[in-house]
Novice: 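Below you'll find the structure I mean.
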Amino acid sequence: MGDRAAVDDDSSVDGRLSPPPSFVEQANVGENLREEFDREWPACWNRAGECLSWETPADSVLDDSEPPFYRWFPGGQLNAAYNCVDRHLESGRKNHAAIRWEGKDGERRTYTYQELFVEVNECAAALRDLGVEEDDVVTIYLPMIPELPIAMLACARIGAPHSVVFAGLSAAALATRMDAAESDFLLTCDGYYRRGDAFNQKRKADNAVLSVDADVTTVVVDRLGEELTHVLGSNEHDYDDLLETHAGATVDPVTRDAEDMLFLMYTSGTTGEPKGVVHSTGGYLAYAAWTTRTVLDVKPKDTYWCAADIGWITGHSYIVYGPLALGTTTVMYEGTPDYPDRDRLWELVERMAVDVFYTAPTAVRAFMKWGTAYPEAHDLSSLRLLGTVGEPINPRAWHWYHEHIGGGECPIVDTWWQTETGGIAISTVPGVDDMKPGAAGKPLPGIEVDLLASDGTPVDSGETGYLTLSRPWPGMAKTLYDGDDRHLEEYWQQFSDPDAGRWRYASGDAARMDEDGYLTILGRVDDVINISGRRFSTMEIESAIVGVEGVAEAAVVGGPDGSDVYAYVSTERGTEPGAELEERVLAGVERAIGSIAQPGTIVFTPELPKTRSGKIMRRLLEDVTNGEPLGDTSALRNPEIVGEIQSTVRDQ
Ligand code: WT7
């Protein structure tokens, strides 16, 4: 454990911890990796390619003749479903568990690789029979049930790119995405459970289909049976009936070029239009597999659990493609961490003897808020490695996770990446690097990060700069579905100098690098706020506030006059909001950054408004702060909290 005094100053990186020797000994990768990658770049990426089985080996690792449209493993041919399923049967793993699924009420299903093979083939045969051809985009609008990864793999088998739309998104969001992708096939379900309530998914899908331009063919999974009856209309098919019709059918995996699209994933951009990020078959899959092996240290014998939703990129890369390509057992959990009780995840870790656990810092902070009794009630000694993803993890939460979940013995990887990077790009390599709580770590081997000022010049060590990636990597998005021009504009124009042959990917994040090359991610550049002419990252201030004893979460936004800062703060159980806590918050910010960054107004609230994927909706808080009409609240998990916050702000 890091020393306690340092833990109190939560804004900065504290201490340095080495991975325990017992972990280092068994780690998938060892020392010298970075040097080897530097020396052999780009040939080093053959190691990622070697994680896969190729029908036709690639002519070379990288064709960089038309930057920034890099072609990874050109000439190579493969099928992603073959790599994630069939080849494990051939290597004697057919009775090994591929997916272990836990339903909301403790229902359980295990698919061995053989069983996965059977169902993926039947589903592929059914899709073909319905008219899905190679390169048709199939939209999948399913919650966390096994049919979701099965449908993804069935699409991959027949060379039809999938576009998974998170099940919690609205009908309007689904329709926009189907239209943008010109998709006329949809897989959905009647409904699903969330905290014991049955949600009607089919109604949302129906509403979306009504407004979609194309004639849509729909497949419906019957998730709720008698609990929610539904009627199939014309051009709608029951999933189980289709599988029964195609029982025992097999479909040869379609040979795909490495550069062919494996899937499309819509993500939000700076404009209102969602961006359709296109991922390739060869580069993406190789990178997902390689990073799962290198960073998450997954081994085929492991039971591995990424507690994310497959509706986002994290689930694509680290619940489905990465772990299945490696032939491991991947856990899929349908429920929430606090239903039926707050020890649900730890009960699962104990029962399944989970080896590697990967989640978001927002979840860790919730566990911390609930207290240690829940994890302490379970034997978590099977855990070997912990991970976080999606936002910075503040040192206090990091130490809590390390001690109370990892028993002080599991390394933690704080992994930075994006929908567009396809896989982890910045992290410690767990058997090689020391950890610094609060810093994500170094760029992975083969990844080059430059931190730049707005004029494109590099910033000094310790200074904040735009986070850019200045070498291509296999997992990088190929393009945007709406076209190469938008791709160039969104990611490459700002910091590249084509005349000098220099291409740099702009991540949209700001970061700081210390003298050891460790990066602290400061968050999206568009979340930067200006206080009295100085720039601060909202995340930087938030992490200072979250470091204060008794604070659970915080969101900071700029106030109406451009100088004041409003901080929205939720407290941990047992902590009373009030003047005393307010003083401590102010002192915490002063200590971490300086009095100039102190919020002028602190609003205590039981919860912060969050999207269903757990991201704080800062934009909505901006509207509340500035007395503006509220933007769209349909993506919120807890819309009711906004009205409460509004009236608190008005009263203040
Ligand atoms: C944005 C990407 C990566 C899959 C989930 C989100 C933030 C991601 C970290 C981290 C600090 C992080 C960045 C990034 N982010 N990981 N370890 N530390 N920030 O994918 O929706 O594409 O979001 O998430 O701001 O740009 P996404």
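Numbering of ligands and ligand atoms starts at 1, following listing order. Start at 1 with the first residue, then count along the sequence. Basis for what follows: all heavy atoms, side chains included, without hydrogens, waters or symmetry-related copies.
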Novice: Do Thr388 and ligand 1 have an N or O pair less than 3.5 Å apart?
Specialist: no
Novice: Residue-level breakdown please: for Ile521 versus ligand 1, do any non-hydrogen atoms fall below 4.0 Å on the side chain, on the backbone, on both, or on neither?
Specialist: side chain
Novice: Does a side-chain heavy-atom distance below 4.5 Å link Ile424 with Tyr287?
Specialist: no
Novice: Any atoms of ligand 1 less than 4.0 Å from a non-hydrogen atom of Ile313? List them with their elements.
Specialist: 4 (C)
Novice: Heavy atoms only: which of Trp417, Trp312, Tyr318 is nearest to atom 8 (C) of ligand 1?
Specialist: Trp417
Novice: Are Asp482 and Lys275 close enough, and set up right, to give a salt bridge (charged side-chain N to carboxylate O under 4.0 Å, His left out), and what steps lead you there?
Specialist: CA-CA 8 Å; Asp482 10 349; Lys275 299 190 277 197; over 6 Å; no
Novice: Taking distance alone, with no angle check, do Thr415 and ligand 1 share an N/O pair under 3.5 Å?
Specialist: yes
Novice: Side chains of Tyr518 and Thr428: donor-acceptor distance under 3.5 Å anywhere?
Specialist: no
Novice: Show, in sequence, the C-alpha distance, side-chain angles and deciding distance for Arg504 and Glu448, and conclude whether the salt bridge (charged side-chain N to carboxylate O under 4.0 Å, His left out) test is met.
Specialist: CA-CA 10 Å; Arg504 283 182 172 132; Glu448 195 169 299; over 6 Å; no
Novice: Closest non-hydrogen protein atom to atom 14 (C) of ligand 1, residue and atom name please, with distance?
Specialist: Asp509 OD2, 3.3 Å
Novice: Any idea which atoms of ligand 1 are less than 4.0 Å away from a heavy-atom of Val389?
Specialist: 3 (C), 4 (C)
Novice: Among protein heavy atoms, which sits nearest to atom 19 (N) of ligand 1, and what does the distance come to when rounded to 0.1 Å?
Specialist: Glu391 CA, 3.4 Å
Novice: Assign the ring pair Trp305 / Tyr333 to parallel, tilted or perpendicular, where the plane angle (0 to 90°) is split at 30° and 60°.
Specialist: perpendicular
Novice: List ligand 1 atoms under 4.0 Å from Pro392, heavy atoms only on the residue side.
Specialist: 11 (C), 18 (N), 19 (N)
Novice: Do the side-chain N and O atoms of Asp434 and Ser18 include a donor-acceptor pair separated by under 3.5 angstrom?
Specialist: yes
Novice: For Ala440, is the nearest heavy atom under 4.0 Å from an atom of ligand 1?
Specialist: no
Novice: So, for Trp290 and Phe37, is the gap between ring centers shorter than 6.0 Å?
Specialist: yes
Novice: For the 3.5 Å polar cut-off, considering only N or O atoms, please tell me whether Thr419 and ligand 1 meet it.
Specialist: yes
Novice: Any N/O of Thr314 closer than 3.5 Å to an N/O of ligand 1?
Specialist: no
Novice: Tell me, please, which residues at least two apart from Lys204 pass salt bridge (Lys or Arg N to Asp or Glu O under 4.0 Å).
Specialist: none
Novice: How are the rings of Trp400 and Phe367 set relative to one another: parallel (under 30°), tilted (30 to 60°) or perpendicular (over 60°)?
Specialist: tilted
Novice: Purely on distance, is any nitrogen or oxygen of Glu420 under 3.5 Å from one on ligand 1?
Specialist: no
Novice: If you measure from atom 7 (C) of ligand 1 to every heavy atom of Ala308, Ala425, Gly423, Gly390, which option wins on shortest distance?
Specialist: Gly390
Novice: Scan side-chain atoms only and decide if Tyr568 and Thr625 contain a donor-acceptor pair under the 3.5 Å cut-off.
Specialist: yes
Novice: Indicate, as side chain, backbone, both or neither, the part of Lys615 found under 4.0 angstrom from ligand 1 when only non-hydrogen atoms are considered.
Specialist: side chain
